[in-house]
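In what follows, every chain begins at residue 1, and chains take the letters A, B, ... in the order their sequences are listed.
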2 protein chains.
Amino acid sequence: MAAKPDSQGDDHAPAAGGRDLRWDIIELLFFAYRDFVGDADQELEAFGFGRAHHRVIHFVTRYPGLKVADLLDVLRITKQSLGRVLKQLLDEGYIVQKTGNNDRRQRLLYATPKGEALVAKLAGLQTDRINRAIAGIDPAGVETVRQFLRAMIDRDDPDKVLEAIFGGGRKTRE
Amino acid sequence: MAAKPDSQGDDHAPAAGGRDLRWDIIELLFFAYRDFVGDADQELEAFGFGRAHHRVIHFVTRYPGLKVADLLDVLRITKQSLGRVLKQLLDEGYIVQKTGNNDRRQRLLYATPKGEALVAKLAGLQTDRINRAIAGIDPAGVETVRQFLRAMIDRDDPDKVLEAIFGGGRKTRE
DNA sequence: AAGATACGTCAATATGGCTGACATAAATTT
DNA sequence: AAATTTATGTCAGCCATATTGACGTATCTT
């Protein structure tokens, strides 16, 4: 039988320097995210797509006109990695590119109705899970959850999407 | 300029069937988890390890005596995928195996002090982020956050670790 | 003795990351 | 106008991590 640590006291782990480590929240985050993305994974298989495709089409749908460079910032991957995935989504008609008005070098990305439909379907699955999770939590509690999640995010160098999410409260440039 | 959806109202997205989708929480989870695992990623590089190694050594440290099969359940990967990563951790002295007492087919996994030290270091980084995130949240609020995360997790077929986390409240077998 | 289980391993394959180099078009700077 | 920088695309190759299917061995169960 494996040891069964309780949620607060550190019972056996090393705890360098004797600090209290937040094992419970660390593991809850792992499992919560595992199951959260698992919802979409199954659906994506039917389309021959993976998580990478989901992330791209999601943010393009949500933030129409996103530049390739913005997407690279958000996803924290390289141009080459994005390239393959983005090309597939373009070829299969989930995304279209438009040349930028001000800067004609830019390729602004837009989801097609087909792309939006896929994103909505996946977001629906994830929304169902979230709604189930907050079913027993009052509005103030849900706001606390949002506050926690927001505070977990690095804000020293926010990408374009994060600036939108955080309401442009800290424009470091432009 | 990209559209900038506010946190509640659905301004442009497809919303299949007109349902309210929880875009805000979906995206907060993405960014929070991205940055949360990012903390460990940098440290891991110095050891020549990746996320896969972290997950394995973490759960072995936390739940000493975990069987290989348990680990497969928790990580949701195949035996073959686990094989290489586990072998590396064994070869490099982060983990040791002991033959099960009752069942000599089992290889029970234990972290060495070296393994525990690495896990503690990584958990320390993640704990720092969590502590920063909950700094402005009262104890009741933190409990709400735990409640939310717990409720995000599938419990229909809990693995051994989840049974421990959830206090064995629903033993489907054994 | 037969079968099931726990684990390990071999072989082949796919996905999604990475680096480095290079090309093009368009904007910006000098 | 020329030089430089920027935004993007692409080629070639490598690495980590995941997959499936098959097979072998030790051990437990029936």
Inset, instruction - Classify the side chain of R76(B) and the base of dA18(D) as holding, or not holding, a donor-acceptor pair under 3.5 Å. - result: no
Inset, instruction - Answer with yes or no whether Q80(B) presents, from its side chain, a donor or acceptor under 3.5 Å of a partner atom in the base of dG21(D). - result: yes
Inset, instruction - Would you kindly check whether a donor in the side chain of K79(A) faces an acceptor in the base of dG9(D), or vice versa, at under 3.5 angstrom? - result: yes
Inset, instruction - Using a strict cut-off of less than 4.0 Å between a Lys/Arg side-chain nitrogen and an Asp/Glu carboxylate oxygen, indicate whether R129(A) and D154(B) qualify as a salt bridge. - result: yes
Inset, instruction - Provide, to the nearest angstrom, the distance between the CG atom belonging to L75(B) and the C1' atom belonging to dA16(D). - result: 16 Å
Legend entry - For atom CG of L89(B) and atom P of dA16(D), their distance in whole Å: 14 Å
Inset, instruction - Verify whether one side chain among H58(A) and E27(B) offers a donor that lies under 3.5 Å from an acceptor in the other. - result: yes
Inset, instruction - Using a 4.0 Å heavy-atom cut-off across all strands, classify R51(B) as base, sugar-phosphate, or nothing. - result: sugar-phosphate
Inset, instruction - Test for a donor-acceptor pair under 3.5 Å between the base of dT5(C) and the side chain of R105(B), counting only N and O atoms. - result: yes
Inset, instruction - Just compare dT20(D), dG16(C), dT10(D) and give me whichever is closest to any side-chain atom of R55(A). - result: dG16(C)
Legend entry - Separation of atom CG in N102(B) from atom P in dC28(D), rounded to whole Å: 10 Å
Inset, instruction - Grab the CZ-P distance between R107(A) and dT24(C) for me, whole Å please. - result: 14 Å
Legend entry - Heavy-atom pair of closest approach, residues L118(A) and Y94(A): CD2-CE2, 3.8 Å
Legend entry - Proximal nucleotide (of dA6(C), dA26(C), dT8(D)) relative to the Q106(B) side chain: dA6(C)
Inset, instruction - Mind calculating the distance between CZ (R104(B)) and C1' (dT29(D)) to the nearest angstrom? - result: 16 Å
Inset, instruction - For G50(B), report the nucleic acid contact type (base, sugar-phosphate, nothing); a contact means any heavy atom under 4.0 Å. - result: sugar-phosphate
Inset, instruction - May I ask you to decide whether R146(B) forms a salt bridge with E143(B), counting only side-chain N to carboxylate O separations under 4.0 Å? - result: yes
Legend entry - Distance, rounded to the nearest Å, where L82(B) contributes CG and dT9(C) contributes P: 11 Å
Inset, instruction - Starting from the 5' end of DNA chain D, give me the residue, L90(A) or R84(A), whose nearest nucleotide shows up first. - result: L90(A)
Inset, instruction - Take the protein atom CG of N101(B) and the nucleotide atom P of dA6(C), then report the distance between them rounded to whole Å. - result: 17 Å
Inset, instruction - Please check the phosphate of dC18(C) (OP1 and OP2 only) for any side-chain N or O of S81(A) closer than 4.0 Å. - result: yes
Inset, instruction - Report the distance from atom CG of L21(A) to atom NZ of K121(B), rounding to the nearest 0.5 Å. - result: 13.5 Å
Inset, instruction - Look at T78(B) and dA18(D) and indicate whether a side-chain polar atom (N or O) is within less than 4.0 Å of OP1 or OP2. - result: no
Inset, instruction - Using atom CG of L44(B) as one end and atom P of dG17(C) as the other, report the distance to the nearest whole Å. - result: 17 Å
Inset, instruction - Would you tell me if any nitrogen or oxygen in the side chain of Q97(B) comes within less than 4.0 Å of OP1 or OP2 on dC7(C)? - result: no
Inset, instruction - Side chain of D103(B) only, please: which of dT9(C), dG17(C), dA6(C) is the nearest? - result: dA6(C)
Legend entry - Basic-acidic side-chain contact under 4.0 Å: R34(A), D159(B): yes
Inset, instruction - Assign each of K87(B) and A52(A) to its nearest nucleotide of DNA chain C by heavy atoms, then name whichever residue's nucleotide is nearer the 5' end. - result: K87(B)
